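See below for the structure under consideration.
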Amino acid sequence: MIKTLIKEVKEYKKASFLAPIFISLEVVCEVAIPFMMAKIIDLGVEMKDMKAIIFYGFMMMVFSFIALYGGKKSGEYAAYASSGFAKNLRAAMFRKIQDFSFENIDKFSTAGLVTRMTTDVSNVQNSYQMILRICFRAPLMLICAMFMAFQIHSELAMIFIGAIIFLAIVLFSIIKITMKIFDVAFEKYDRLNESVEENIKGIRTVKAFVREKYETSKFHKASKDIYDIFTKAESYLVFNSPVMQLTMYSCLILLSWLGAKLVVAGGLTTGGLMSLFTYTTNILMSLMMISMIFVMMSMSIASGRRIAEVLNEKPTIINGTNPSYKVNDGSIVFDHVYFKYKESEEDYNLTDINLKIKSGMTVGIIGGTGSAKSTLISLISRLYDVNKGKVMVGGKDVRDYDLKTLRDNVSVVLQNNVLFSGTITDNLRWGDENASLEEIKRVCHLACADEFIDKFEDGYDTHIEQGGTNVSGGQRQRLCIARALLKKPKILILDDSTSAVDTRTDALIRKAFREEIPDTTKIIIAQRISSVEDADMIIVLDDGKIDGIGTNDELIKNNTIYRDIVNVQKKGGKLGE
């Protein structure tokens with residue numbers, strides 16, 4: 001985990017190195033100040049030497065200013081390095097997610113990834129800043145103060161050794177327990193973010209079904225789970241402060257009692273005893289800081305592991321050794337294809353699929369809910385890889401293509417149409433960032449999107465809200481089809497992408513496809529028979545298997561499932577007639 005995270009320090013290595021250097025300067029100066037104070041008492045006050053008082057007083061002032069400068073610079077460098085480290089971690093995770101296949105993304109929930117990039121990175125950032133400052137300062141101060149204490153009186157200084165051993169045992173026990181609790185806590189955070197994300201995305205549905213109270217109670221439950229788990233962790237961490245106070249006051253009492261005896265007996269000077277009191281505070285404050293570090297580290301280790309999980313995740317779909325950068329045509333072949341989403345599952349989602357689609361054909365796919373229609377087409381653009389068999393595009397196995405080349409030639413308009421914040425033109429140029437306005441207008445005409453765009457006051461410069469919430473479902477679908485067409489693909493896949501448009505517009509879109517892009521292979525997944533009835537080939541899927549292949553007329557005669565759908569949609573008949 002540490003090796004994975006530390007790679008992202010990158011250009012902030014210098015700042016990460018300078019922060020502890022300056023903190024070391026601060027510590028050395030701070031430790032020297034009590035020594036100077038002892039000299040003032042022993043050599044100046046008791047010996048009535050004004051020169052000694054002035055000299056050591058001046059030295060104390062110099063060391064104080066140097067310590068102040070060192071603390072200031074270490075704080076600046078630590079803040080700079082930790083903020084940069086956090087920035088790099090977020091950027092690295094975001095880049096990694098872009099390379100994930102759907103299989104990788106399925107492994108991490110959306111809410112989980114958001115938590116990792118926000119809460120978890122913030123925890124690691126805070127810990128890194130503490131490491132650069134407190135984690136160097138506290139042990140160094142402890143060592144230096146212990147060294148000076150032993151120089152003053154080695155027997156009295158043994159009190160601190162006992163205190164350190166006692167605190168180490170207690171703190172280790174607390175941390176061991178709380179780390180397990182924090183692991184569970186961040187999983188609860190994921191569920192809370194999931195609840196918020198789901199509610200905001202589906203706010204219209206929530207209000208339509210008057211489910212505000214239910215969603216509120218669900219959120220409160222997720223929030224209460226986090227409250228309970230952190231309360232449990234705090235019930236252990238709360239022992240940190242009283243244990244530290246007990247140790248500190250015990251050391252002071254022992255030091256006062258034993259030190260006073262030594263001063264009376266002449267075994268210790270008054271200045272030496274005062275310095276020991278100061279070093280006692282330094283040592284115990286260092287221990288207090290170390291305990292704080294352990295508390296923060298117990299949280300950040302759990303966060304660091306979650307971040308490392310993302311960074312170490314291997315994309316399941318990558319380019320081969322010598323990928324092809326050219327797709328010859330839009331022909332598609334499924335050769336005894338078997339597929340399932342998880343290796344652990346017993347049943348396949350697609351079973352023994354055999355298909356041959358010629359370039360330029362219009363192919364309809366129809367079937368009931370859960371028949372694996374979307375699963376089938378996701379293999380063409382290699383959103384998933386087959387478990388057995390192979391899928392070929394343009395005469396080559398899809399695994400032999402460069403991923404960008406393949407997906408540039410296979411445009412997929414998925415069921416869930418997504419638009420991004422920006423203008424209509426910005427959204428359409430996802431298909432081709434260099435497309436001219438004429439090209440944009442042409443594809444919008446093919447997708448029948450120009451009908452409503454021209455009615456907008458700002459036309460193609462109309463602003464689209466995040467998710468396309470300020471346009472209707474049908475308008476969103478037509479914009480997504482236009483965006484896909486702008487890629488000039490050899491294969492165009494519409495996954496139930498005209499379900500929200502009226503039948504007239506649907507027919508106009510299909511007519512435009514036939515006339516304007518005859519060489520492009522068109523695959524249309526639909527629930528409406530009217531959307532596929534004029535296709536060159538119609539595939540009927542049932543439970544992940546091909547139940548029938550043929551034209552509209554052939555399937556009406558020979559396929560029961562297709563005939564039932566026709567009867568229900570067109571004739572108002574009953575199933576099985």
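These numbers were taken from a predicted model, which means no experiment stands behind them.
- Of all heavy-atom pairs spanning C448 and L508, the tightest one is SG-CB, 3.7 Å.
- Each ring-ring contact (aromatic ring centres under 6.0 Å, His included) pair with one or both residues in residues 342-382, not counting sequence neighbours, appears once here: Y338-Y348.
- Using modelled atom types, one side-chain atom of N354 and one backbone atom of H336 make a donor-acceptor pair closer than 3.5 Å.
- Judged by distance alone, the side chain of N470 and the main-chain N or O of E465 form a donor-acceptor pair under 3.5 Å.
- Side-chain atoms of K96 do not come within 3.5 Å of backbone N or O of N312 as any donor-acceptor pair.
- I318 CD1: 12 or fewer foreign heavy atoms inside a 6.0 Å radius.
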**Request:** Before giving the answer on side-chain hydrogen bond (donor to acceptor under 3.5 Å, both in side chains), spell out for K441 and Y460 the whole-Å C-alpha distance, their side-chain angles and the decisive distance to 0.1 Å.
**Result:** CA-CA 9 Å; K441 288 183 176 181; Y460 288 85; over 6 Å; no
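- Counting heavy-atom neighbours within 6.0 Å of K390 NZ, excluding the residue itself, gives a total of 12 or less.
- Within 6.0 Å of the NZ atom in K10, the count of heavy atoms belonging to other residues, nucleotides or ligands exceeds 12.
- With hydrogens and angles ignored, the 3.5 Å screen pairs a side-chain donor or acceptor of S101 with a backbone N or O of N104.
- A donor-acceptor contact closer than 3.5 angstrom is absent between the side chains of T551 and D553.
- Between V363 and L355, the closest side-chain pair of non-hydrogen atoms is not below 4.5 Å.
- Within a 6.0 Å sphere centred on CG of N322, heavy atoms belonging to other residues, nucleotides or ligands number 12 at most.
- Residues passing the side chain to side chain donor-acceptor pair (under 3.5 Å) test with D450 are H445, sequence neighbours excluded.
- Scanning all heavy atoms of the two residues, the minimum distance from I546 to I549 falls at CG2-CG1, 3.6 Å.
- At most 12 heavy atoms of other shown residues, nucleotides or ligands fall within 6.0 angstrom of atom OH in Y227.
- In summary, the side chains of Y325 and K404 do not present any donor paired with an acceptor at a separation below 3.5 Å, with no hydrogens or angles considered.
- For the 3.5 Å distance criterion, the side chains of T231 and D228 fail to qualify, holding no donor opposite an acceptor.
- Note on E8 versus K87: no salt bridge recorded, every NZ/NE/NH1/NH2 to OD/OE distance being 4.0 Å or above.
- Seen from the ring of F513, R510 does not count as a face-on cation partner, given the 6.0 Å and 45° thresholds.
- Under the side chain to side chain donor-acceptor pair (under 3.5 Å) criterion, R305 pairs with D183, not counting sequence neighbours.
- Looking only at atom types and distance, the side chain of S324 has no donor-acceptor partner in the side chain of D400 under 3.5 Å away.
- For L437, the CG atom counts as densely surrounded, since its 6.0 Å shell holds more than 12 non-hydrogen atoms of other residues, nucleotides or ligands.
- Proximity of a side-chain donor or acceptor of R476 to a complementary backbone N or O of L419 within less than 3.5 Å is not detected.
- Between the side chain of T118 and the backbone N or O of V114, at least one donor-acceptor pair lies under 3.5 Å.
- With values rounded to the nearest 0.5 angstrom, D461 atom CG is found 11.0 Å from I464 atom CD1.
- Looking only at atom types and distance, the side chain of S83 has no donor-acceptor partner in the side chain of Y12 under 3.5 Å away.
- A donor-acceptor distance shorter than 3.5 angstrom exists from the side chain of T521 to the backbone of G360, with no hydrogens or angles considered.
- Residues S300 and S127 have side chains that bring a donor and an acceptor to within less than 3.5 angstrom of each other.
- A donor-acceptor pair shorter than 3.5 Å can be found between the side chains of Y562 and N552.
- In this structure the side chain of L379 never reaches within 4.5 angstrom of the side chain of L383, judged on heavy atoms.
- Of the listed residues (V327, V393, I380), just one forms a side chain to side chain contact (heavy atoms under 4.5 Å, CB included) with V398, and that residue is V393.
- When the side chain to side chain donor-acceptor pair (under 3.5 Å) test is applied to K545, no partner is found at least two apart in sequence or on another chain.
- The aromatic rings of W430 and F420 sit parallel to each other, their planes meeting at less than 30°, with 60° as the upper class boundary.
- Note on D99 versus R95: no salt bridge recorded, every NZ/NE/NH1/NH2 to OD/OE distance being 4.0 Å or above.
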**Asked** For N559 and D547, what are the C-alpha separation, side-chain angles and deciding distance, and is it a side-chain hydrogen bond (donor to acceptor under 3.5 Å, both in side chains)?
**Response** CA-CA 8 Å; N559 189 270; D547 189 76; 2.7 Å; yes
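- You'll find the side chain of R382 reaches within 4.5 Å of the side chain of L403, heavy atoms only.
- Under a 3.5 Å cut-off, the side chain of R478 and the backbone N or O of A447 do not form any donor-acceptor pair.
- A heavy-atom distance below 4.5 Å is found between the side chains of R514 and K511.
- Annotation for A435 and L486: closest pair CB-CD2, 3.7 Å, computed over non-hydrogen atoms.
- Residues that satisfy the side chain to side chain donor-acceptor pair (under 3.5 Å) test with Q129, not counting sequence neighbours, are absent from this structure.
- When only modelled atom types and interatomic distance are considered, S531 and D506 share a side-chain donor-acceptor pair under 3.5 Å.
- Atom-to-atom distance recorded for I524:CD1 and K522:NZ is 8.5 Å, nearest 0.5 angstrom.
- Using a distance-only test at 3.5 Å, with no hydrogens or angles considered, no donor-acceptor pair links the side chain of D408 to the main chain of P489.
- In this view, Y128 and F85 satisfy the ring-ring contact (aromatic ring centres under 6.0 Å, His included) rule, not counting sequence neighbours.
- The backbone N or O of Y341 sits less than 3.5 Å from a side-chain atom of N349, completing a donor-acceptor pair.
- Considering T119, I301, T115 as possible partners of R306, the one that fulfils the side chain to side chain contact (heavy atoms under 4.5 Å, CB included) test is T115.
- Residues D120 and S303 bring a donor and an acceptor atom of their side chains to less than 3.5 Å of each other.
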